[in-house]
2 protein chains.
Amino acid sequence: MTQTATGEAARDRVERAALELFTSRGFDAVTADEVADAAGISRRTFFRYYPAKADAVWGDFAAHVERLDRLLHSADGGRPVLATVCAAYAEVNDYRDDDLPALRQRMRLILTEPALQAHSQLRYAEIDRVVAEHVARSTADDPAGLLPRLVAASTRAAATTAFAAWLADERTALGDQLRRTFDELAAGFPSLRG
Amino acid sequence: MTQTATGEAARDRVERAALELFTSRGFDAVTADEVADAAGISRRTFFRYYPAKADAVWGDFAAHVERLDRLLHSADGGRPVLATVCAAYAEVNDYRDDDLPALRQRMRLILTEPALQAHSQLRYAEIDRVVAEHVARSTADDPAGLLPRLVAASTRAAATTAFAAWLADERTALGDQLRRTFDELAAGFPSLRG
DNA sequence: CTTGCTCCTGGCACTGGGTGCCACTAGCCT
DNA sequence: AGGCTAGTGGCACCCAGTGCCAGGAGCAAG
């Protein structure tokens, strides 16, 4: 219990330090040693917490994916699949206002730093798997089939695009941006025809 | 001239060796030294040819992107944007039959090896930029705006999905697979409603 | 032929990410 | 107290990638 508590606290310190250092000096210019030092742990322990330097930016991403999975499992089967996926994305990313600055910082890093951009693909693959499985359940299809894969990949593309737009424009809420972007996708890009 | 020729030949040897070694033993289990040795060049020269080990799999990708860019620039402006992008993707990936085995090998590596999957994001970003610029030209929009980004990201998602489906199913041609996948995307996933 | 220039190459050494191994400590159970 | 377990840190190692420098091939002018 105490160990878990200190472990959690240490992880929190690491993630704060990582966000701070990477933002101010750039991901590549900061060594894992520096992050570990700033968090008061050893380099070795850092790499036990996070399998890669980049993972310190993502926090507990497995829990994130698990939440998304649960939401999709418990979703109303009568609703259109895209609407369900959009709502799940929106709910998973519905942060408290106090957490928004950290979220912005994290997403800005992930979307701009090449090394993190590359690493993100590995995280996104976990999301895609969960979404593809949901589509497969809804359509009695193979999760590895064309449609589940396509829906997973393109909704994820929509979500990251929405994130980028949200970062660029401080005014609109993330949830609204997600819904707007999904609408565009689901309707086959109506503004291209207008 | 002779230098360029040997340089080209050496690059060719490297790419063959890389494909062969990575396929048989896995990307991570093969060191850059081994690839360099197999191609008859030094490790140092290997990293002058390719900035990263993963780049040996991609060949001359810049030329690929440039071809795509030219195709999009010279496309018929009256045609729907998605159709133009689809046709450009199909034409850029219209390989001779002799080259298909190598293409399959390459794509299988890129889509299955985690390290290559991650690295691919950096290459895809170049494609996305070109496509987003095309959409922006067609709609008199900002390339960094929502619609160009969304179209670029989701068409790229469609293209990679089509590639994966093509890998899984030997029977259908790559171009047909691309067109089928783009149709699904452009129509807002009609098979989800059926 | 020789000198000088340029480009390509390879060797060397170094940084930094990531990992296996081991020794140490802290709690905890009996 | 003795033994078990889990977390930690130090150490050594491998490998990707880079800067630097020393050759060597080709070419031009003398």
Inter-axis angle, terminal five-pair segments of the helix from C/dC1-D/dG30 to C/dT30-D/dA1 [nearest 10°]: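 Terminal axis comparison yields 10°.
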Contact check, side chains of B/Q117 and B/L111, non-hydrogen atoms, under 4.5 Å: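 With C-beta onward as the side chain, the pair stays apart.
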Pairwise side-chain contact, A/L174 with A/L103, heavy-atom cut-off 4.5 Å (strictly under):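 The answer is yes, as the side chains (C-beta and beyond) meet within the 4.5 Å cut-off.
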Rounded distance (Å) that lies between atom [atom2] of [N] and atom [atom1] of [X]:
X      : N      : atom1 : atom2 : value
A/E8   : D/dA6  : CD    : C1'   : 16 Å
A/D55  : C/dT19 : CG    : C1'   : 15 Å
A/K53  : C/dT19 : NZ    : C1'   : 17 Å
B/Y49  : D/dG17 : OH    : P     : 17 Å
B/E113 : D/dA16 : CD    : P     : 13 Å
B/L122 : D/dA16 : CG    : C1'   : 15 Å
A/R48  : C/dG17 : CZ    : C1'   : 16 Å

So does [X] pair up with [Y], basic N to acidic O under 4.0 Å?
X      : Y      : result
A/D183 : A/R179 : no
B/D128 : B/R149 : no
B/R11  : B/E15  : no

DNA chain C contacts made by residues 28-47 of chain A, counting heavy atoms under 4.0 Å: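 A/V30, A/T31, A/A32, A/R43, A/R44, A/F47, in order of number.
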Any residue meeting side-chain contact (heavy atoms from CB on, under 4.5 Å) with A/R137, in chain and number order, not counting sequence neighbours: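 Expected list: A/L72, A/H73, A/E133, A/H134.
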Parallel, tilted or perpendicular: rings of B/Y124 and B/W58 (30°, 60°):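 It falls in the perpendicular class, over 60°.
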B/R171 charged N/C atom sitting above B/W166 aromatic ring, 6.0 Å / 45°: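 No, B/R171 does not sit over the ring of B/W166.
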